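Lettering of chains follows the sequences in order, A, B, ..., and the numbering in each one begins at 1. Bear in mind that the values here come from a model prediction, so they are computed numbers and not experimental data.
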Amino acid sequence: MPELPEVEVTRRSFAHRILGARIVASEPGLPLRWPLGRAADELVGQTVRAVDRRGKYLLLMLDEGVLLVHLGMSGSLAFRPDLPPPGKHDHFDLVTTQGTLRLHDPRRFGAVVWSPALDADPARKLLSTLGMEPLGEQFDPAAFYAGLRRRRAPIKQVLLAGDVVVGVGNIYASEALFTAGIRPTTRADRLSRARSDRLHAAVRQVLARAVERGGSTLRDFSSAVGESGHFQLEAAVYGRGGQPCVVCATPLRQIRQGQRSTFFCPVCQRA
DNA sequence: CTATGGACCTGAATGC
DNA sequence: TGCATTCAGGTCCATA
């Protein structure tokens with residue numbers, strides 16, 4: 001469910017409500033990607049000063065240190081004054097004076113990690129390899145092009161890898177490449193400057209639009225306060241293998257790249 | 001250093 | 001109905 005737009009929409013939905021709240025308890029359930037360990041106790045008594053985002057990580061800035069929350073493949077957050085007892089797939093509760101933040105994550109690829117500071121481990125290690133923020137100013141065409149020049153892998157996989165630009169997941173990678181008219185299998189370092197610029201604009205546009213729409217998703221994404229089922233994903237290509245291209249009606253193709261599905265139009269995306 | 005494949009985990013959809 | 005297989009929005013790690 002969560003690519004950058006969904007994470008950002010989630011952030012906006014509860015950031016202002018949890019601001020200034022004091023942490024009363026921290027209750028981990030089944031282990032997630034990394035064990036929270038003793039850090040759970042460090043949280044109690046601290047106040048939430050800000051909720052930021054870096055890539056697909058949510059950053060709860062506390063008096064001392066930062067709590068990193070990642071939604072993995074299947075995670076979602078709820079924040080409410082009162083929540084029912086945790087269910088089978090609820091694996092973390094952060095109880096505060098203003099409500100409880102709950103991580104629901106069936107597959108448990110998500111993570112909750114405490115770090116004493118952003119530039120100290122483990123936050124430093126997790127965040128230091130991340131590429132540019134696609135919606136920030138540092139994401140400019142020249143820097144993007146420079147990043148692509150150093151990579152020989154297929155452009156789709158370079159987008160997904162997140163070390164040039166963060167936040168582009170499997171859905172939006174196919175969508176952005178379609179918008180830019182670029183074949184997903186093209187080597188990143190073979191893109192001309194002009195085509196790189198088009199992709200740069202497409203990545204920005206596709207992600208920004210999804211954020212505006214309140215986070216699109218295949219099924220039923222909902223924000224942390226339960227505003228549900230916002231929008232169906234208006235995918236031009238993702239999940240539409242064999243169906244006609246919205247532009248030229250040619251049947252769309254589905255291929256495998258690095259064990260992930262990729263969708264494209266063989267006519268609109270020639271090279 | 002880059003690139004690739006396997007690993008983590010559960011549930012839903014599909015095929016026999 | 002049951003059972004095996006495939007697939008799913010992410011990313012870390014070991015290996016070439």
Side-chain angles (χ1 to χ4, degrees), chain A residues 1-10 29-35 53-58 68-77 87-92 103-113 121-131 134 146-177 184-190 203 206-207 210-211 213-223 229-235 237-242 254-263:
Chain A
M1 179 224 299
E3 297 188 30
L4 183 143
E6 290 76 24
V7 175
E8 176 61 17
V9 168
T10 298
L30 287 178
L32 295 157
R33 181 173 261 277
W34 299 287
R53 179 187 57 73
R54 179 74 176 95
K56 296 169 191 164
Y57 287 94
L58 286 173
L68 291 82
V69 178
H70 197 290
L71 303 180
M73 287 277 256
S74 58
S76 60
L77 288 175
K88 186 180 177 190
H89 297 304
D90 297 326
H91 303 305
F92 180 76
L103 176 62
H104 175 86
D105 185 5
R107 292 178 74 182
R108 288 192 281 128
F109 288 167
V112 177
V113 176
D121 284 336
R124 193 200 52 77
K125 181 173 161 53
L126 291 172
L127 303 179
S128 65
T129 57
L130 298 184
L148 298 189
R149 301 250 29 196
R150 289 184 274 107
R151 308 297 300 274
R152 274 174 269 188
I155 182 62
K156 155 81 181 327
Q157 287 171 258
V158 171
L159 285 179
L160 266 192
D163 43 13
V164 175
V165 58
V166 289
V168 184
N170 204 41
I171 294 178
Y172 297 118
S174 282
E175 294 298 316
L177 287 163
T185 48
T186 302
R187 275 172 51 159
D189 63 353
R190 296 270 181 76
V203 165
V206 164
L207 295 180
V211 171
R213 301 274 163 137
S216 40
T217 179
L218 268 187
R219 292 184 180 81
D220 44 15
F221 167 72
S222 66
S223 73
H230 271 283
F231 277 84
Q232 298 284 31
L233 175 70
E234 310 156 8
V237 291
Y238 185 83
R240 300 192 62 239
Q254 173 173 7
I255 60 173
R256 278 326 257 181
Q257 291 182 287
Q259 24 244 74
R260 313 298 301 276
S261 286
T262 302
F263 301 85

Interatomic distance, [X] [atom1] vs [N] [atom2] [rounded to whole Å]:
X       : N       : atom1 : atom2 : answer
D163(A) : dC13(C) : CG    : P     : 15 Å
Q257(A) : dG10(C) : CD    : P     : 14 Å
H89(A)  : dT10(B) : NE2   : P     : 8 Å
D105(A) : dT11(C) : CG    : C1'   : 13 Å
Y238(A) : dG10(C) : OH    : C1'   : 12 Å
Q157(A) : dG5(B)  : CD    : C1'   : 11 Å
L127(A) : dC12(C) : CG    : P     : 10 Å

Under a 3.5 Å distance rule, please check whether [X] uses its side chain to pair with a backbone N or O of [Y] as donor and acceptor.
X       : Y       : value
Q254(A) : G241(A) : no
S174(A) : F263(A) : yes
E175(A) : V206(A) : no
N170(A) : S261(A) : yes

How long is the span from the [atom1] atom in [X] to the [atom2] atom in [Y], to the nearest 0.5 Å?
X       : Y       : atom1 : atom2 : value
E8(A)   : L58(A)  : CD    : CG    : 8.5 Å
R150(A) : D189(A) : CZ    : CG    : 11.5 Å
L4(A)   : K56(A)  : CG    : NZ    : 7.5 Å

Taking 4.0 Å as the cut-off, does a side-chain nitrogen or oxygen of [X] come that near to OP1 or OP2 on [N]?
X       : N       : value
S74(A)  : dC9(B)  : no
H70(A)  : dC12(C) : no
K125(A) : dC13(C) : yes
R260(A) : dG10(C) : yes

Which part of the nucleic acid, if any, lies within reach of G169(A) when heavy atoms closer than 4.0 Å are counted: base, sugar-phosphate only, or nothing?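 Sugar-phosphate contact only.
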side-chain contact (heavy atoms from CB on, under 4.5 Å) evaluation trace for Q157(A) with T262(A): CA-CA 10 Å; Q157(A) 287 171 258; T262(A) 302; over 6 Å; no
5'-most contact on DNA chain B: L30(A) or R152(A), nearest heavy atom basis?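 In this pair, the answer is R152(A).
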Does this structure show an ion pair linking D105(A) with R108(A), if we count only N-O contacts that are shorter than 4.0 Å?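 A salt bridge is absent here (no side-chain N lies under 4.0 Å from a carboxylate O).
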Side chain of Y57(A), heavy atoms from C-beta onward: which of dC12(C), dT4(B), dG10(C) has the nearest atom to it?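 The answer is dC12(C), which lies nearest to the side chain.
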Ignoring the backbone of N170(A), work out which of dT4(B), dG10(C), dA3(B) is nearest its side chain.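 It is dG10(C).
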Of all the base pairs, Watson-Crick or G-U under 3.5 Å, which form stems of three or more consecutive pairs involving DNA chain C?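 Listed by first number, the stems are B:2-8 with C:10-16, B:10-16 with C:2-8.
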Between dC3(C) and dC9(B), how far is it from one P atom to the other, in whole Å?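 Those two atoms are separated by 24 Å.
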Report, one pair per line, the protein and nucleotides 6-8 of chain B atoms (nitrogen or oxygen only) whose separation is under 3.5 Å.
from	atom 1	to	atom 2	distance (Å)
dG6(B)	N7	Q259(A)	NE2	3.3

Pairwise 5' ranking along DNA chain C for L130(A) and R256(A), keeping only the more 5' one: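 It is R256(A), whose closest nucleotide lies nearer the 5' terminus.
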Among F92(A), W34(A), Y57(A), the one residue meeting ring-ring contact (aromatic ring centres under 6.0 Å, His included) with H70(A):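 That would be Y57(A); it is the only one of F92(A), W34(A), Y57(A) passing the ring-ring contact (aromatic ring centres under 6.0 Å, His included) with H70(A).
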